[in-house]
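Taking it in order: structure first as structure tokens, then the write-up.
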Amino acid sequence: MAKLYFRYGAMNSGKSTALLQAAYNYEERGQRVLLAKPRVDTKGDDAIVSRLGVTRPVDVTFAPDDDVREVFCRSRERVRAETGTDLSCLLVDEVQFLTPVQVDDLLRIAVLEGVPVLAYGIRTDFRTIAFPGSRRLLEVAHSLEELKTICRCGRKAVFNARKVGDRFVFDGDQVAIDGREVTYESLCGACYLAESDGRLA
């Protein structure tokens, strides 16, 4: 049976790089994959962008109200018609931005459509609150795998701290895409608490 995999980690843990490597591995063996990401992730427009500089266009983007399984099935039929081959895997980047209902669709794709789904994202926002999509993945994914990175102090980073300019901020909208005005730093628990004066959400 195909499975739903959730591979998560703090910012800079190599999630997008790992996704692109997985896609390459499938394709090197002559198999077809479908790359997707939520439309709300405007970084890279319609591409997956790794911090290492590797970039690849996605095949589909999901709007917040999209039926993910329906979009997948349409894409699958198109690939079959164009190439005569089936999809071997669905890879989704920035999966934390999907809704819980869309995550349930990922599970249905794996179980009912028989196509493995590799979902990559972060668990919590800059306030340490779980993204709804990530929370649902932690509940229903067949396999959970943490991708690790380190804090500036050398310990394992687990939190994503938001910075505006040189200042850490702990209030604001849950979603603010990494860019010119907003950046993020991966921190261990001790460094996060030191920057936040000991407060959590």
Side-chain angles (χ1 to χ4, degrees), residues 1-9 13-123 130-148 177:
M1 179 183 79
K3 295 180 180 180
L4 170 59
Y5 300 84
F6 182 29
R7 296 176 176 166
Y8 64 90
S13 60
K15 297 177 299 297
S16 297
T17 302
L19 181 151
L20 294 172
Q21 181 66 53
Y24 177 82
N25 291 346
Y26 271 96
E27 292 171 338
E28 187 179 40
R29 289 159 181 81
Q31 299 181 18
R32 293 297 304 255
V33 299
L34 191 74
L35 270 64
K37 73 175 190 175
R39 200 165 293 160
V40 70
D41 176 33
T42 55
K43 183 179 174 185
D45 297 318
D46 291 338
I48 293 172
V49 179
S50 162
R51 292 181 193 277
L52 291 181
V54 181
T55 302
R56 176 171 168 172
V58 295
D59 301 297
V60 294
T61 58
F62 300 126
D65 57 350
D66 277 349
D67 181 317
V68 166
R69 185 178 177 199
E70 182 180 298
V71 172
F72 169 81
C73 288
R74 282 200 312 266
S75 299
R76 187 181 197 183
E77 287 308 311
R78 178 181 46 78
V79 167
R80 284 173 169 165
E82 291 173 0
T83 68
T85 59
D86 199 2
L87 290 172
S88 296
C89 186
L90 169 62
L91 298 109
V92 185
D93 200 25
E94 304 293 354
V95 74
Q96 71 271 6
F97 296 136
L98 295 183
T99 67
V101 170
Q102 290 175 321
V103 170
D104 289 347
D105 277 340
L106 297 182
L107 179 65
R108 291 185 186 98
I109 290 166
V111 175
L112 302 178
E113 303 296 334
V115 175
V117 179
L118 280 58
Y120 295 78
I122 58 178
R123 289 181 307 160
F131 285 95
S134 298
R135 182 182 304 117
R136 188 63 181 145
L137 277 159
L138 291 167
E139 294 167 342
V140 301
H142 294 98
S143 174
L144 302 172
E145 179 185 345
E146 183 180 17
L147 304 177
K148 298 174 179 65
I177 303 302

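Scope of the values below: all heavy atoms of this structure, side chains included, with no hydrogens, waters or symmetry mates.
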Can you find a heavy atom in the side chain of [X] that is under 4.5 Å from one in the side chain of [Y]?
X: His142; Y: Val111; result: yes
X: Phe6; Y: Ser134; result: yes
X: Leu98; Y: Leu106; result: yes
X: Leu35; Y: Leu20; result: yes
X: Glu139; Y: Val103; result: no
X: Arg69; Y: Phe72; result: no
X: Asp105; Y: Arg108; result: yes

> Asp104: what forms a salt bridge (charged side-chain N to carboxylate O under 4.0 Å, His left out) with it, not counting sequence neighbours?
Replying inline: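 Per chain and number, Asp104 pairs via salt bridge (charged side-chain N to carboxylate O under 4.0 Å, His left out) with Arg136.
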> Taking Leu4 as the fixed residue, which of Leu118, Leu90, Val117, Ile109 is the one that meets the side chain to side chain contact (heavy atoms under 4.5 Å, CB included) rule?
Replying inline: Val117
Minimum-distance pair of heavy atoms, taken over all atoms of [X] and [Y]:
X: Pro116; Y: Ala2; value: N-CB, 3.5 Å
X: Asp93; Y: Ser16; value: OD2-OG, 2.9 Å
X: Ala23; Y: Val33; value: CB-CG2, 4.1 Å

> After noting the C-alpha distance and the side-chain angles of Arg32 and Asp86, does the key distance pass the salt bridge (charged side-chain N to carboxylate O under 4.0 Å, His left out) rule?
Replying inline: CA-CA 7 Å; Arg32 293 297 304 255; Asp86 199 2; over 6 Å; no
> Taking only residues two or more places apart in sequence or in another chain, which ones pass side chain to side chain contact (heavy atoms under 4.5 Å, CB included) with Ser88?
Replying inline: Tyr26, Gln31
Distance check, rounded to the nearest 0.5 Å: [X] atom [atom1] versus [Y] atom [atom2]?
X: Tyr120; Y: Leu91; atom1: OH; atom2: CG; result: 6.0 Å
X: Ile48; Y: Leu19; atom1: CD1; atom2: CG; result: 4.5 Å
X: Arg39; Y: Asp65; atom1: CZ; atom2: CG; result: 8.5 Å
X: Ser50; Y: Arg56; atom1: OG; atom2: CZ; result: 13.5 Å
X: Phe62; Y: Thr99; atom1: CZ; atom2: OG1; result: 11.0 Å
X: Leu147; Y: Tyr8; atom1: CG; atom2: OH; result: 9.0 Å

>> Please enumerate all residues that pass side-chain hydrogen bond (donor to acceptor under 3.5 Å, both in side chains) together with Arg74, with sequence neighbours excluded.
In response: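 Applying side-chain hydrogen bond (donor to acceptor under 3.5 Å, both in side chains) to Arg74 gives Glu70.
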Main chain of [Y], side chain of [X]: is a donor-acceptor contact present, judged purely on distance under 3.5 Å?
X: Arg7; Y: Glu145; answer: no
X: Gln102; Y: Phe97; answer: no
X: Gln96; Y: Gly121; answer: no
X: Lys37; Y: Ala47; answer: yes
X: Asp66; Y: Val68; answer: no
X: Asp46; Y: Val58; answer: no

